[in-house]
Amino acid sequence: MKVNKHLSVKYLFDTVGFKYFKLKIYVYFIDGVLIDTGPAVRRRKFLPVFRDWNPNVCAITHLHDDHAGLASDLEKKFNIPIYLHHSSVKEASQEAIVLPYRRLFWGHRRGFHAQPFNKTIETTNNTFDIIETPGHRNDHIMLHEKNRGWLFTGDLYVAPKQRYAFIDDDISQHITSLEKVLKLDFDTIFCSHAGVKTESKNLVRQKLDFFYDVRENVRKYRKMGMNYKEISKILFPKRGPVWFISAGDWSGYHIVKTIDPD
Ligand SMILES: [Fe+2]
């Protein structure tokens with residue numbers, strides 16, 4: 001684990017996973033606001049850093065276990081408000097029921113009491129607008145500091161090309177969210193898995209163009225009478241370690257199926 005800083009934004013960085021598949025995790029802290037918590041498997045490493053940062057509030061970008069895994073610890077040990085999209089507040093109060101591989105990767109997310117986001121989070125030096133960006137998950141939000149050109153993007157970006165999606169991803173919604181984001185003023189993104197990227201509008205544009213490309217191909221093959229399974233074999237032929245470890249829970253098929261629904 002490393003702790004670092006970009007301007008006034010502190011962050012920690014670590015990797016989780018197995019020999020053949022590792023995932024980078026970034027957790028950000030700015031002006032009293034902790035953005036996501038990281039996964040429960042990093043409890044012993046991350047909590048001392050959080051103690052040092054001493055947050056006043058925690059903002060969860062979406063209720064995946066690698067983003068909200070330590071929210072219950074924050075609630076108990078720091079007694080601070082934890083904000084989450086209103087649609088997931090009830091689900092958050094219960095322990096996460098996830099597939100075994102996800103639990104091995106990220107640990108066990110316990111239930112916690114979340115509050116629905118207001119439109120903004122105001123701190124001494126910053127105003128963060130809460131931008132709804134569903135797609136990766138229904139409850140996905142980002143934090144936008146427009147005066148500084150900062151976007152805390154959760155899992156909206158991750159990489160310019162995406163070859164896997166979860167069963168609960170909705171790529172057509174993700175496309176709409178990327179289009180919405182590109183209309184905002186920003187320069188730097190703070191991504192939960194790719195880290196800090198400056199001059200980043202072009203990267204977000206690349207991701208959107210990649211999805212446009214996939215969508216065009218899906219439309220073309222569907223007109224030729226192919227089903228989603230056949231199309232995903234053409235567009236995403238490689239089954240990497242992620243596919244095997246997750247037994248297909250993380251798969252190109254979910255991109256093909258949700259990118260242009262009927
Ligand atoms: Fe996620």
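The first residue in the sequence is number 1, and the count goes up from there. One-based numbering, in listed order, for ligands and for the atoms of each.
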(message) If you consider just the N/O/S atoms, which atom of His64 is the closest one to the Fe ion (ligand 1)?
(response) ND1
(message) Suppose we only allow N, O or S atoms; which atom of Asp155 ends up nearest to the Fe ion (ligand 1)?
(response) OD2
(message) So that I can check it, does any N, O or S atom in His136 come closer than 2.8 Å to the Fe ion (ligand 1)?
(response) yes
(message) Let me check your reading of the structure: within less than 2.8 Å of the Fe ion (ligand 1), is there an N/O/S atom from His140?
(response) no
(request) Would you check if the distance from the ring center of His254 to the ring center of Tyr164 is below 6.0 Å? (result) no
(message) Before we go on, tell me: are the rings of His193 and His67 under 6.0 Å apart, centre to centre?
(response) yes
(request) Can you spot which of Ser192, Ser177, Cys191 makes a side-chain contact (heavy atoms from CB on, under 4.5 Å) with Leu156? (result) Ser177
(message) Check this for me, if you would: do Asp185 and Lys146 make a salt bridge, where the nitrogen-to-carboxylate-oxygen distance has to be below 4.0 angstrom?
(response) no
